[in-house]
Amino acid sequence: MRLIPLKLRTLRRWWAVFFLALFLFLLVVTDYHRMQGWQTSLLLELDPLTALGGLLTSGTVYKGLALALIVLVPTLVFGRFFCSWVCPLGIMNQIAGRLFSRRRPAQEQEQNAYRPVFALKYYLLTALLVLALWGSLQIGLLDPIALTVRSFTAAVLPALDRVGAPVHLHPPVFWGGALIAGLFLAIIVANRYMPRFFCRVLCPLGALLGVLSRRAPFRIQRDLDKCTDCNKCLRHCQGACDPHRELRVAECHVCMNCLEDCPEDALHYGLATPRSSAHRPIDVSRRRLVETAIGTAVAFPMLRSSVSASTVPTAPVIRPPGSLAEVEFLGRCIKCAACMRVCPTNVLQPALLEAGIEGLWTPVLVNRVGWCEQYCVLCGQVCPTGAIRRITVAEKSGQPPHAQPIRLGTAFYDHGRCLPWAMHVPCIVCEEMCPTSPKAIWYEVAQVPGRDGKPIELKRPYVEPKLCIGCGICENKCPVEDLPAIRVSSVGETRSSTNQMLLKGSSG
Amino acid sequence: MTSGERPKRRSQHGRQARPLTRREFLLEMGALAGVAAGAGALAWLAYSDEPVRREEEVVHRLPDFRVPASTMHPLLAVVHGTQPEAMVREAVGRLGGIGRFVQKGERVLVKPNVGWDRQPEQAANTNPEVVGAVVALCREAGASTVWVSDVSLNDPARSFARSGIRAAAQGAGAEVRLPGANDFFATDMGGSLLRVWPVSRFFHEVDRVINVPIVKHHSLCGCTLAMKNWYGVLGGRRNQLHQDIHTSIVDLAHAVRPTLTVMDAIRVLKRNGPTGGSLDDVAIENTIVAGLDEVAIDSWSLQLLGLTPDKVRYLAMGQERGLGVVDWRSLNWVESQVG
């Protein structure tokens, strides 16, 4: 007698289709036009690794990250269901693995056999958590949700525009987007050689959920009396968790495929019976685990001794409005690129090495591509971890009760390239664009002698640093295309107490 | 054993090839000749002295959107009041009514100034009620489609939404068209400075264009009014136009001849234009100026910014180019009060 009318595998398939569709839907509506109150960061917030990483770096479980309990608690009871039922990358890997499969039973059984290399993910998880304890949040490099949101933002959705299925009004471009795309494609293509290679070998979230599922009472149970050792249960096994022998519980995704493949009805999902096979613990060596932790703990302080935006103020590291100070920012940002997805001007770009090795793929403003829209606070609204705070328009633009606007940096003129300054050509597009009132860009009317000696009247622009908010629209719209004659650098940014230039008191 | 003969040895590697029959050889040769001829033909056809094949660029021209002149009606109507919709109706009515400008079944594009991500109170964009009223008039005249479009300077989606113009336009029965990256046609502007520029394709796909600008301060040329509103048809690097702004404005006004102009002077941005941002920069003037002569409308509007026509060079240049008359008092003009 069944409690659930569907087969469990069928249930899982519908569940997975729903969550993959939900993921795509939430990603597409992460856009000023379409957001309309949707909880666009839901899947990022359901991720227990994000919650745990942030807890280790900053001692908080930020707002929506408490939703991770929705995944964490059932995992303790029902096993590592997330990977094949909810995770968009897991589901895509499963589909890709199926498409790449040559569907020969012997080969499938071979491909889905357990291998010792699967333990690597537990060591990776250990290293990432030790780094987080030291204050550096690198889980986003491999966390499947962050990785998938980033890959879709920087590679898949822009690619749709280019093949005639427009998602954006203006197709965005991303700094080093090919790198993100290449990594994503490699993860998908790896399924050709080993189904679910990423999930089985690399995924730190899978490792965390595996650890949590160790004592799950509900699991796949094999009836020793009925089993004829035919190994057919391996054919579609997602976790490669040895359902035909002593099940490796931490590897099992409870995908339920083995239940349907078993011709003897020897497998069931639920509590153990007296005839059930024993199970195996996680296949990690305690010695290697300790070595990994100590190795990371020793290496990290040496890595941090490098020059980066967290140790020395760095001109091009201009962070989104509402960002935390650099050290705290790096402790919160999971490089998911949700901010880059929602940014209306494409100014938010995944950093390569501008912010240091730790800052790979964290958001920085590249004003040549876009600018920070004065009244836009969308990046903070979609940030799942609070690396970019949820600010209001009033707070950003310095309307009462806020005394000062949020500054991202300060604009500087390059007099050798500025048309009125260097070439006696009228321009001041920067002044026209400047969004503050009064404008941070002002001009003097100068009478200057031309080449033929005749006087020319010119408006020559200046920046008033007390008013400049560093939005970068002047730099973006400057007609000197390749290297603009006005450029923003991060000095004066509100989030930093040290990256300043004006005497306190004069800057208010 | 005779000299020169060697013991026969066979390679250990590979299988022996089968000799071709005559028929197979001829077929094989025929196929090779076909491939060779194809390669030769391709090279013949593709041979060029130029490194890159260039398609002849199709250059469009904008049609003249004007309606025939009429001596029965004034060229300029100034309306004061507090209800934008009624003021727009009165102004257009004085000019002969919307039926003079829009015929049943025509496609109309309404071009407000929606340059900025600003709210209506900040007066950086055309008043949404004015846009809504113009759209409603076009609908009443039986226009088959009414589009509201602009090439914004801030993010277009934000600019249209937060200016209230998206809602007002859609509410009155228009469709908002935001130009994407591929929505520009190379267009011969026929100007003294502006030759071929990318122009939003929506302007090429309508029968009538109604200019709905707003009166604003602008540092470089003093003001941004009806004629400067045509910046909003251009894509490309239009920020270069500042280098000769007066000639650019005249060239644009020469290339785009609207059916009708309805100037919004309800809230006027007196300082810090064209972006504004502070309510201190805004003055309430509660005026609508409609007309068929953009030079005269701009010239009339200057007084709201404390300017005189001699301070704004493009007006005299426009008159010289035959675009209109700077001395609006010399025209047939009317002024009235509504409500």
Side-chain angles (χ1 to χ4, degrees), chain A residues 31-35 161-162 164 166 168-172 343-347 370-376 378 393 397-399 405 419-420 423-443 445 458-459 461 469 471 473-474 476-481 484, chain B residues 115-119 122-124 151-163 166 176-184 216-222 224 228 231 235-248 269-282 313:
Chain A
D31 167 298
Y32 173 71
H33 246 330
R34 310 185 186 109
M35 263 173 57
D161 287 294
R162 289 182 176 81
H168 314 83
L169 189 59
H170 294 274
C343 179
T345 72
N346 197 201
V347 68
W371 65 92
C372 187
E373 203 75 274
Q374 190 190 15
Y375 292 154
C376 175
L378 293 174
V393 174
S397 55
Q399 291 156 17
L419 298 180
M423 299 163 196
H424 293 183
V425 174
C427 184
I428 64 166
V429 172
C430 45
E431 191 266 0
E432 177 184 30
M433 296 293 155
C434 183
T436 63
S437 179
K439 286 177 184 283
I441 295 174
W442 58 282
Y443 57 86
V445 181
L458 274 175
K459 288 170 176 157
I469 55 175
C471 71
I473 196 170
C474 50
N476 183 267
K477 305 277 186 182
C478 177
V480 187
E481 282 284 333
Chain B
W116 311 97
D117 176 12
R118 294 285 198 231
Q119 285 153 301
Q122 294 169 313
V151 183
S152 305
L153 291 149
N154 285 162
D155 173 48
R158 292 186 67 88
S159 300
F160 270 85
R162 288 171 41 89
S163 64
R166 189 176 76 181
V176 169
R177 300 304 303 263
L178 304 183
N182 297 323
D183 289 326
F184 290 89
K216 289 195 289 180
H217 161 261
H218 189 280
S219 288
L220 194 60
C221 65
T224 164
K228 191 174 177 301
Y231 268 59
R237 295 308 294 194
R238 70 193 209 204
N239 48 12
Q240 293 169 356
L241 302 190
H242 269 212
Q243 292 160 30
D244 191 349
I245 195 164
H246 295 283
T247 312
S248 300
L269 189 63
K270 301 257 179 179
R271 280 177 296 281
N272 218 54
T275 54
S278 167
L279 298 186
D280 299 339
D281 304 329
V282 178
R313 256 180 37 226

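Below, each value reflects all heavy atoms present in this structure, side chains not excepted, and no hydrogens, waters or symmetry copies. Each chain gets a letter, A, B and so on, in the order its sequence line appears, and its residues count up from 1. These numbers were taken from a predicted model, which means no experiment stands behind them.
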Exercise. Check whether any side-chain N or O of B/Lys216 sits under 3.5 Å from a backbone N or O of B/Ala124 as a donor-acceptor pair, and report yes or no.
Key: yes
Practice problem: Identify which part of A/Ser397 has an atom lying under 4.5 Å from any heavy atom of chain B, answering side chain, backbone, both or neither. | Solution: neither
Exercise. Check each atom of A/Val429 against the heavy atoms of chain B and say whether the ones under 4.5 Å are side chain, backbone, both or neither.
Key: both
Quiz prompt | Greatest number of heavy atom pairs closer than 4.5 Å to chain A - which of B/Asn272, B/Leu241, B/Thr275, B/Asp280 | solution = B/Asn272
Quiz item: Is chain B contacted by the side chain of A/Lys459, its backbone, both, or neither, given a heavy-atom distance below 4.5 Å?
Solution: side chain
Quiz item: Counting distance only, does the side-chain N/O of B/Lys228 pair as donor-acceptor with the main-chain N or O of B/Cys221 below 3.5 Å?
Solution: no
Exercise. Please flag which part of A/Ile428 lies under 4.5 Å from any non-hydrogen atom of chain B: side chain, backbone, both or neither.
Key: both
Self-check item: Interface moiety of A/Gln374 toward chain B, non-hydrogen atoms closer than 4.5 Å
Solution: side chain
Quiz item: At a heavy-atom separation under 4.5 Å, does A/Leu378 approach chain B through its side chain, its backbone, both, or neither?
Solution: side chain
Exercise. For the pair A/Thr436 (side chain) and A/Ala440 (backbone), establish whether a donor and an acceptor sit closer than 3.5 Å, ignoring hydrogens and angles.
Key: yes
Quiz item: Is A/His168 reaching over with its side chain to a backbone N or O of A/His170, donor-acceptor style, under 3.5 angstrom?
Solution: no
Quiz prompt | Structural part of A/Asn476 lying under 4.5 Å from a heavy atom of chain B | solution = backbone
Quiz item: If you measure only the distance, is there a donor-acceptor pair under 3.5 Å linking the side chains of B/Gln122 and A/Tyr375?
Solution: yes
Quiz item: Counting distance only, does the side-chain N/O of B/Asn154 pair as donor-acceptor with the main-chain N or O of B/Ser159 below 3.5 Å?
Solution: no
Practice problem: Give a yes or no on whether the backbone of A/Glu432 and the side-chain of A/Lys439 come within a donor-acceptor separation of less than 3.5 Å. | Solution: yes
Quiz item: Given that the side chain runs from C-beta out, which part of B/Pro156 has a heavy atom under 4.5 Å from chain A: side chain, backbone, both or neither?
Solution: side chain
Quiz prompt | Heavy-atom pair count under 4.5 Å with chain A, highest-scoring of B/Gln240, B/His218, B/Arg238, B/Gln119 | solution = B/His218
Quiz item: Do side-chain atoms of B/Arg237 reach the backbone of A/Pro479 as a donor and acceptor pair under 3.5 angstrom?
Solution: no
Exercise. Side chain from CB out, backbone as N, CA, C, O: work out which of these in A/Cys376 comes under 4.5 Å of a heavy atom of chain B, or both, or neither.
Key: both
Quiz item: Of the backbone (N, CA, C, O) and the side chain (C-beta and beyond), which part of A/Glu373 lies under 4.5 Å from a heavy atom of chain B, both, or neither?
Solution: side chain
